[in-house]
A.B. asks: 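Here it is: the structure, laid out below.
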Amino acid sequence: MQIGCRTDVGRKRQLNEDSVMTHRFDALFPSSMETGALFVVADGMGGHNAGEIASELGVRAFASECLRQLISKSDKVTSIDNRLIDEFTVKAIFDQAIQSTNETVAQHAQEQGLQGMGTTIVAALIIGQNMYITNVGDSRCYLINSREITQITRDHSLVQEMADAGMLTPEEAIAHPRRNEITRAIGAYTEIKGDFYFYKLYEGDIILLCSDGLTSMLPDQKIAEITLNAASSDHACSDLIAMANEAGGIDNITVVVVKPEQLPSLTDITASDTEIRQMPVTEIEYRK
């Protein structure tokens with residue numbers, strides 16, 4: 001698995017309020033040949049210092065809870081194919097991690113008098129060919145390959161709701177003056193739910209997680225072009241951030257690029273269902 005990760009303050013901000021974490025745990029399932037990794041990106045809000053604290057707290061709390069539960073599961077599983085580790089199990093782990101993280105950030109804000117502090121979160125767990133994603137806010141996860149770029153996550157934002165209601169075209173949404181107003185954030189509500197997605201990965205698939213400092217500066221097709229043409233995951237992150245800054249760099253920019261290896265070819269799978277469906281947060285979205 002080839003992993004690139006980079007965060008940048010951008011050209012307009014004085015403080016980087018984004019946080020990011022990548023963690024490989026290939027030895028978690030010692031009897032399996034599968035590789036595993038967890039990736040988390042958070043974009044804090046709340047003004048000077050508070051946003052930075054919220055995103056760092058969010059990343060640490062979410063990752064810690066996910067890994068704690070995965071380690072607990074690994075004590076009971078002898079193979080990655082064991083159904084103890086499936087999409088429903090991971091959804092439950094993510095749901096618990098989102099709620100626990102929400103409580104951690106909200107409690108810190110209350111104790112420190114940091115009103116309005118909160119953070120987005122987007123996370124991807126990859127175990128072999130399986131990828132599980134959750135998000136709160138407008139930080140995104142994309143799937144990129146030679147055929148297309150697909151935005152897996154759906155923004156929790158005012159502009160997204162307006163677009164869903166037919167009030168805005170996709171082009172109008174990109175440039176809308178209220179595009180940064182999010183409708184869900186970790187730490188801002190007593191209870192919060194994240195959306196959940198499950199994907200099967202195939203040869204040539206590249207996963208990209210990012211804060212909106214990238215997507216507000218570059219269109220999806222440009223993101224795909226830069227990622228596919230980069231010499232490595234590290235180069236892809238550097239090139240994407242450089243181009244986002246060249247386009248204006250109005251916000252902090254965080255990018256994670258993951259290129260899994262030893263995956264089956266999609267053309268060799270005769271019964272593949274690649275339909276993408278948006279489902280309620282209580283259900284699961286599939287790409288098999």
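Sequential numbering from 1 along the given sequence is applied to the chain's residues. Just so you know, these numbers use all the heavy atoms, side chains as well, and skip hydrogens, waters and symmetry mates.
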A.B. asks: Restricting to salt bridge (charged side-chain N to carboxylate O under 4.0 Å, His left out), what partner residues turn up for Lys12, sequence neighbours left out?
C.D. replies: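 Once residues adjacent in sequence are excluded, Lys12 has no partner under the salt bridge (charged side-chain N to carboxylate O under 4.0 Å, His left out) criterion.
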
A.B. asks: Can you list every pair that meets ring-ring contact (aromatic ring centres under 6.0 Å, His included) and has a residue in residues 119-149, with sequence neighbours left out?
C.D. replies: Tyr132-Phe198

A.B. asks: What residues, two or more places apart in sequence or in another chain, satisfy side chain to side chain donor-acceptor pair (under 3.5 Å) together with Thr22?
C.D. replies: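 Scan of Thr22 (side chain to side chain donor-acceptor pair (under 3.5 Å), adjacent residues dropped) gives none.
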
A.B. asks: Can you run down the salt bridge (charged side-chain N to carboxylate O under 4.0 Å, His left out) pairs that involve residues 218-244, sequence neighbours left out, and say none if there aren't any?
C.D. replies: Lys222-Glu225

A.B. asks: Which pairs count as salt bridge (charged side-chain N to carboxylate O under 4.0 Å, His left out) when at least one residue sits in residues 53-68, sequence neighbours excluded?
C.D. replies: Glu56-Arg60, Glu65-Arg68

A.B. asks: Going by side chain to side chain donor-acceptor pair (under 3.5 Å), name the residues that satisfy it together with Arg11, two or more places apart in sequence or in a different chain.
C.D. replies: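 Per chain and number, Arg11 pairs via side chain to side chain donor-acceptor pair (under 3.5 Å) with no residue.
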
A.B. asks: Who are the side chain to side chain contact (heavy atoms under 4.5 Å, CB included) partners of Gln107, not counting sequence neighbours?
C.D. replies: Glu111

A.B. asks: With sequence neighbours left out, what residues match Glu103 under salt bridge (charged side-chain N to carboxylate O under 4.0 Å, His left out)?
C.D. replies: none

A.B. asks: Taking the side chain from Ser19 and the backbone from Ala42, do they hold a donor-acceptor pair closer than 3.5 Å?
C.D. replies: no

A.B. asks: Going by side chain to side chain donor-acceptor pair (under 3.5 Å), name the residues that satisfy it together with Ser233, two or more places apart in sequence or in a different chain.
C.D. replies: Gln2

A.B. asks: For residues Asp205 and Pro260, determine if any side-chain heavy atom of one lies less than 4.5 Å from a side-chain heavy atom of the other.
C.D. replies: no

A.B. asks: Checking Arg184 side chain against Lys193 main chain: does a donor-acceptor pair fall under 3.5 Å?
C.D. replies: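 Pair found, side chain donor or acceptor close to backbone of Lys193.
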
A.B. asks: Which residue pairs satisfy the salt bridge (charged side-chain N to carboxylate O under 4.0 Å, His left out) criterion with at least one member in residues 249-258, sequence neighbours excluded?
C.D. replies: Arg13-Asp251

A.B. asks: Going through the distances and angles, do Asp212 and Thr215 end up as a side chain to side chain donor-acceptor pair (under 3.5 Å)?
C.D. replies: CA-CA 5 Å; Asp212 69 336; Thr215 53; 5.9 Å; no

A.B. asks: Please list, chain by chain and in numerical order, all residues satisfying side chain to side chain contact (heavy atoms under 4.5 Å, CB included) with Ala92, sequence neighbours excluded.
C.D. replies: none

A.B. asks: Using side chain to side chain donor-acceptor pair (under 3.5 Å) as the criterion, list what pairs up with Thr119, not counting sequence neighbours.
C.D. replies: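 If we apply the side chain to side chain donor-acceptor pair (under 3.5 Å) test to Thr119, skipping adjacent residues, there are no hits.
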
A.B. asks: How close do Glu17 and Glu52 get, counting heavy atoms only, and between which atoms?
C.D. replies: CG-N, 3.7 Å

A.B. asks: Please determine, by modelled atom types, if Asp18 and Thr7 share a side-chain donor-acceptor pair under 3.5 angstrom.
C.D. replies: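 No donor-acceptor contact under 3.5 Å links the two side chains.
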
A.B. asks: Is a side-chain N or O of Thr254 found less than 3.5 angstrom from the main chain of Cys210, in a donor-acceptor match?
C.D. replies: no

